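As the structure lists them, so they are numbered: ligands from 1, and atoms in each ligand from 1. Since the model is a prediction, treat every value here as computed from it, not as a measurement.
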Amino acid sequence: MSKKKLYIACIGAGYVGGPTMSVIAKHCPEIDVEVVDVNKDRINAWNDSNLDNLPVYEPGLKEVIQKARGRNLFFTTDVKGAIERADIIFISVNTPTKVYGEGKGMAADLKYVELCTRQIAKYSNGDKIVVEKSTLPVRTAESIRRILEAEDSKHSFTVLSNPEFLAEGTAIDDLENADRVLIGSDETPFGLSALEKISSIYEHWLPKERVLKTNVWSSELSKLTANAMLAQRVSSINAISALCEQTGADVAEISHAIGMDSRIGSKFLNASVGFGGSCFQKDILNLTYLCRYFNLPEVAEYWEQVVKMNDYQKNRFANNIIKTLFNTVSGKKISFLGWAFKKDTNDTRESAAIYVADKLLQDRAEIHVYDPKVNSEQVIQDLLYLQKYRFVNNHDFESLPEEEVRDLVKVYNDPYSALKDAHAIAILTEWDEFKSYNWQEIYDNMHKPAFVFDGRNILTRTMMSKIGFKYQGIGSAEL
Ligand SMILES: NC(=O)C1=CN([C@@H]2O[C@H](COP(=O)(O)OP(=O)(O)OC[C@H]3O[C@@H](n4cnc5c(N)ncnc54)[C@H](O)[C@@H]3O)[C@@H](O)[C@H]2O)C=CC1
Ligand SMILES: O=C(O)[C@H]1O[C@H](OP(=O)(O)OP(=O)(O)OC[C@H]2O[C@@H](n3ccc(=O)[nH]c3=O)[C@H](O)[C@@H]2O)[C@H](O)[C@@H](O)[C@@H]1O
């Protein structure tokens with residue numbers, strides 16, 4: 001008898017679901033992988049014959065899609081059908097910070113997870129393995145199990161945790177060469193057998209030793225802890241950057257010096273305008289909320305400080321621009337190089353650029369933006385969204401009417417037009433192309449003094465000063 005074909009469904013075709021399932025499909029041609037989403041436009045974009053229109057920009061993604069799509073990788077809005085066909089269902093939906101009600105501004109909003117769990121319960125026509133791929137508060141698997149069991153007792157559901165550690169901009173490489181894959185299961189025969197099934201998928205391309213097996217709660221909490229520790233390193237070095245600027249020490253030299261200590265390690269020590277991305281802030285706020293829930297206020301405060309330090313860094317950067325430009329940026333042209341939260345992605349969620357622009361708009365600056373992968377409407381929508389849900393940052397900020405935002409913020413397809421006649425340039429993302437611009441030409445076309453605020457330390461003071469710029473990086477100052 002021939003072996004039954006394995007079917008995987010993944011609910012959520014976003015930055016995680018799309019790339020993760022594509023890599024699984026690429027390496028497991030004998031498994032059919034269906035990625036489903038309620039967002040029709042997103043699914044259409046995943047199915048677009050022009051691979052430049054994929055909804056997620058990631059180096060190497062196009063090639064993977066080209067290989068697997070239509071063979072054993074499918075993108076669809078047919079949630080019901082995908083659940084029916086699947087043996088294994090990954091939940092990879094968004095888990096943003098709640099913007100309403102209990103836990104507003106802190107807790108993870110699990111409404112999308114709950115909704116798709118109910119869909120799984122409703123449409124399942126047999127036993128299913130349900131895998132948490134989304135980042136979730138510790139003990140969520142218990143709630144998922146309870147919902148599944150309450151809605152349907154005819155079928156058995158095994159719930160596992162398999163958090164994702166990819167970083168945007170390097171997602172394909174992170175998936176292809178993962179440091180480790182983490183799978184949490186309970187110790188029942190069903191749990192252990194499901195764990196082996198999921199492990200065998202990853203073993204198609206990763207050595208067995210890299211697949212770590214833990215209990216479900218450790219797996220869920222490892223994900224929040226990993227993000228908290230990574231973000232904490234960035235906030236720690238950013239805190240030191242402020243001290244460097246007052247003392248003549250150089251934060252890059254400090255990072256290098258301490259990073260050579262193998263106990264500290266050299267990664268994640270780049271001082272910056274502040275971390276962004278959809279996860280660091282939300283996951284730490286979620287961790288903080290959980291600690292308060294479990295009556296651990298000191299632990300909550302410890303982690304919350306990482307986010308506060310990040311807010312401080314973004315604010316400090318914006319305030320420094322205002323102060324240096326003679327205490328007002330009103331009516332001045334401030335050009336932004338970069339809007340994405342890091343290079344090599346089109347994702348702008350929680351990007352430091354949004355916060356810096358928001359602060360400068362309070363003073364009615366004109367913001368002129370160039371980012372190689374971000375379009376005009378995204379920039380405007382990011383600013384309007386922040387104005388609507390500004391809880392973590394200053395509550396006393398003014399929300400500008402949409403027409404005024406559209407009037408003050410302009411987005412360009414070409415960097416030189418964005419930079420022409422600027423009073424100051426702020427570098428918000430570390431795109432490589434910024435380094436190779438003709439900085440002499442840019443200087444010649446700017447108002448003088450020509451200020452550059454390098455929020456990513458990608459240019460060098462010596463080169464910029466030689467041209468004539470008034471250059472300020474993060475964590476170093478000419479005293
Ligand atoms: N973005 C990243 O780099 C990483 C994200 N994560 C975690 O992975 C999860 C997903 O993140 P992203 O992919 O960035 O989110 P995303 O927002 O890009 O994608 C989520 C998708 O789920 C869809 N969706 C929501 N509810 C649905 C439902 N009931 N049925 C069908 N589709 C539904 C949405 O329409 C959306 O397209 C989050 O928990 C996040 O914390 C983990 C590691 C890395
Ligand atoms: O859960 C998630 O979403 C993911 O969050 C991060 O990945 P990501 O946010 O995509 O990108 P990072 O490379 O971690 O950068 C996050 C932010 O920190 C900033 N950063 C990073 C490193 C550094 O040294 N300095 C610094 O300012 C980046 O510019 C960026 O704004 C983690 O690195 C991933 O392991 C995790 O899976």
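By the 3.5 Å distance cut-off applied to N or O atoms, Glu164 is not counted among the residues near ligand 1. Polar contact check, Cys279 against ligand 1: no nitrogen or oxygen pair lies under 3.5 Å apart.
Within the 4.0 Å heavy-atom criterion, both parts of Asn270, backbone and side chain, lie near ligand 2.
Below 4.0 Å from some heavy atom of Lys282 lie the following atoms of ligand 1, by number and element: 40 (C), 41 (O). Each of the following atoms of ligand 2 lies closer than 4.0 Å to a heavy atom of Leu230: 32 (C), 33 (O). If you number the atoms of ligand 1 from 1 as listed, the ones under 4.0 Å from a heavy atom of Cys116 come out as 29 (N). Shown in contact with Gly14 at under 4.0 Å from a heavy atom are these atoms of ligand 1, numbered in order with element: 13 (O), 16 (P), 18 (O), 19 (O). Interface atoms of ligand 1 facing Gln119, defined by a heavy-atom separation under 4.0 Å, are 28 (C), 29 (N), 30 (N). Interface atoms of ligand 1 facing Lys223, defined by a heavy-atom separation under 4.0 Å, are 43 (C). Distances below 4.0 Å separate heavy atoms of Arg349 from the following atoms of ligand 1: 1 (N), 14 (O), 15 (O), 16 (P), 17 (O), 18 (O).
For the pair Lys223 and ligand 2, a heavy-atom separation below 4.0 Å is found. In this structure, Arg456 has a heavy atom closer than 4.0 Å to ligand 2. Taking 4.0 Å as the cut-off, Gly277 does not count as a neighbour of ligand 2 on heavy-atom distance.
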